[in-house]
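The structure appears below as structure tokens.
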Amino acid sequence: MNLSRKDFQSIKTPLMALALAVAASLTMLAITDRKLASSEMNYRNQLTALTEARTRYQRSGEEHESILRYLESYRALEKIGFVGTEQRLNWVESLRMANKNAGLFGVDYQLTAQEPFPFAVSDNPIANQVKHSRMTITFGVLHEGELARLFLALSAQQPGLFSLNGCSIDRAGRQGDPLPRQANLTARCELSWLTLEPGGGKS
């Protein structure tokens, strides 16, 4: 079938309308695809945020349970002076009382400045918060067994946490001023008084 010029003129308008409709449809499809992609991205973001919120909520519950589980022990460590600032006056007073209770002849002491505790486990998150102050004590004893008696009496005072680094025993009067005649030996010991200072971080 042959189409005349007149026939082309008659279908020109419908063809233009069809082209416009197709173009509009393609545009709508493109817009819909973009909106669908944006919606999917928003959905994934919201899903991720929800998962993170659930994880934080679960973690906060576990932390709360841990706090409740260890709070009593933590308070006990605070009470004896391990957690918080140094209690030097308490250490000295406890040493004086221990000497009296052990029935010894007096104790001389020297305290160093506080410094990081070298034996704290390095991979522990609070290792850098554990400090110690070294105390050197010199006292007279009748025999070696009185060393244990002094340190048991000191522990009974609950002045804080300390570790015994070492002791040496010599005959009385060989170093420094002579000790009372009743003391046969001179004992020299070094202690480390341990302190945990949470500071501004998490305790």
Side-chain angles (χ1 to χ4, degrees), residues 59-60 62-170 172-180 183 185-203:
R59 189 178 299 129
S60 66
E62 292 172 352
E63 290 176 353
H64 183 260
E65 290 179 1
S66 296
I67 290 173
L68 293 179
R69 185 182 308 117
Y70 298 112
L71 182 60
E72 186 175 348
S73 299
Y74 183 85
R75 294 300 185 201
L77 292 175
E78 279 186 323
K79 186 177 180 180
I80 67 171
F82 173 62
V83 176
T85 57
E86 286 189 311
Q87 304 292 325
R88 292 191 167 216
L89 291 178
N90 191 30
W91 299 343
V92 173
E93 178 63 19
S94 297
L95 182 62
R96 185 186 69 80
M97 290 299 300
N99 168 75
K100 179 181 177 181
N101 294 338
L104 300 183
F105 308 103
V107 179
D108 295 325
Y109 70 91
Q110 289 182 328
L111 262 172
T112 65
Q114 190 181 60
E115 59 187 2
F117 186 54
F119 302 112
V121 181
S122 59
D123 59 353
N124 192 304
I126 63 169
N128 62 341
Q129 295 171 289
V130 179
K131 312 292 184 182
H132 79 132
S133 296
R134 289 192 300 271
M135 175 187 277
T136 302
I137 59 176
T138 306
F139 54 100
V141 294
L142 294 174
H143 51 79
E144 294 87 343
E146 291 188 327
L147 292 175
R149 191 163 64 187
L150 174 66
F151 293 118
L152 287 174
L154 182 59
S155 296
Q157 298 293 319
Q158 293 190 332
L161 293 184
F162 67 88
S163 67
L164 178 59
N165 299 333
C167 286
S168 63
I169 298 179
D170 203 347
R174 285 185 60 185
Q175 296 180 355
D177 296 331
L179 292 164
L185 303 170
T186 300
R188 182 183 177 88
C189 299
E190 183 184 271
L191 311 176
S192 282
W193 290 99
L194 304 175
T195 308
L196 172 67
E197 294 191 28
K202 293 183 178 180
S203 59

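What's counted below: heavy atoms across the whole structure, side chains too, no hydrogens, waters or symmetry copies.
- In terms of heavy atoms, Phe162 sits closest to Ser155 at CZ-OG, 3.6 Å.
- For Gln158, the CD atom sits in a loose shell: 12 or fewer heavy atoms of surrounding residues, nucleotides or ligands are nearer than 6.0 Å.
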Give the C-alpha distance, both sets of side-chain angles, the deciding distance and a yes or no for side chain to side chain contact (heavy atoms under 4.5 Å, CB included) between Phe139 and Asn99.
CA-CA 9 Å; Phe139 54 100; Asn99 168 75; 5.6 Å; no
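- Within the 3.5 Å criterion, the main-chain N or O of Thr112 finds no donor-acceptor partner in the side chain of Arg134.
- When side chains are defined from C-beta on, Asp170 does not count as touching Arg188, because their heavy atoms never get closer than 4.5 Å.
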Candidate pair Phe151 and Cys167, rule side chain to side chain contact (heavy atoms under 4.5 Å, CB included), full reasoning:
CA-CA 12 Å; Phe151 293 118; Cys167 286; 4.1 Å; yes
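- For the atom pair Leu161 CG and Ser192 OG, the distance stands at 12.0 Å (nearest 0.5 Å).
- Side-chain atoms of Trp193 and Met135, non-hydrogen and from C-beta on, do get closer than 4.5 Å to each other.
- Summarising the geometry, atom NZ belonging to Lys131 is positioned 10.0 Å from atom CG belonging to Leu196; distances are rounded to the nearest 0.5 Å.
- Here the OG1 atom belonging to Thr186 is positioned 9.5 Å from the CD1 atom belonging to Ile169, to the nearest 0.5 angstrom.
- To the nearest 0.5 angstrom, Leu95 atom CG is 11.0 Å from Asn90 atom CG.
- The 12-atom threshold is exceeded at CZ of Phe82, counting heavy atoms of other residues, nucleotides or ligands nearer than 6.0 Å.
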Test side chain to side chain contact (heavy atoms under 4.5 Å, CB included) applied to Val141 and Arg149, step by step
CA-CA 10 Å; Val141 294; Arg149 191 163 64 187; over 6 Å; no
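- With hydrogens and angles left out, the side-chain atoms of Gln114 and His132 include no donor and acceptor closer than 3.5 Å.
- Residues Phe117 and Thr195 are not in side-chain contact: their nearest non-hydrogen atoms beyond the backbone lie 4.5 Å or more apart.
- Contact detail for Cys189 and Leu164: the closest heavy-atom pair is CB-CD1, 4.1 Å.
- Here the closest non-hydrogen pair linking Arg88 and Ser133 is NH2-OG, 3.3 Å.
- Between the CD atom of Glu86 and the CG atom of Leu194 there is a distance of 10.5 Å, given to the nearest 0.5 Å.
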Walk me through it: do Trp91 and Leu111 pass the test side chain to side chain contact (heavy atoms under 4.5 Å, CB included)?
CA-CA 10 Å; Trp91 299 343; Leu111 262 172; 4.2 Å; yes
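- In this structure, the side chains of Gln157 and Asn101 come closer than 4.5 Å at one or more pairs of heavy atoms.
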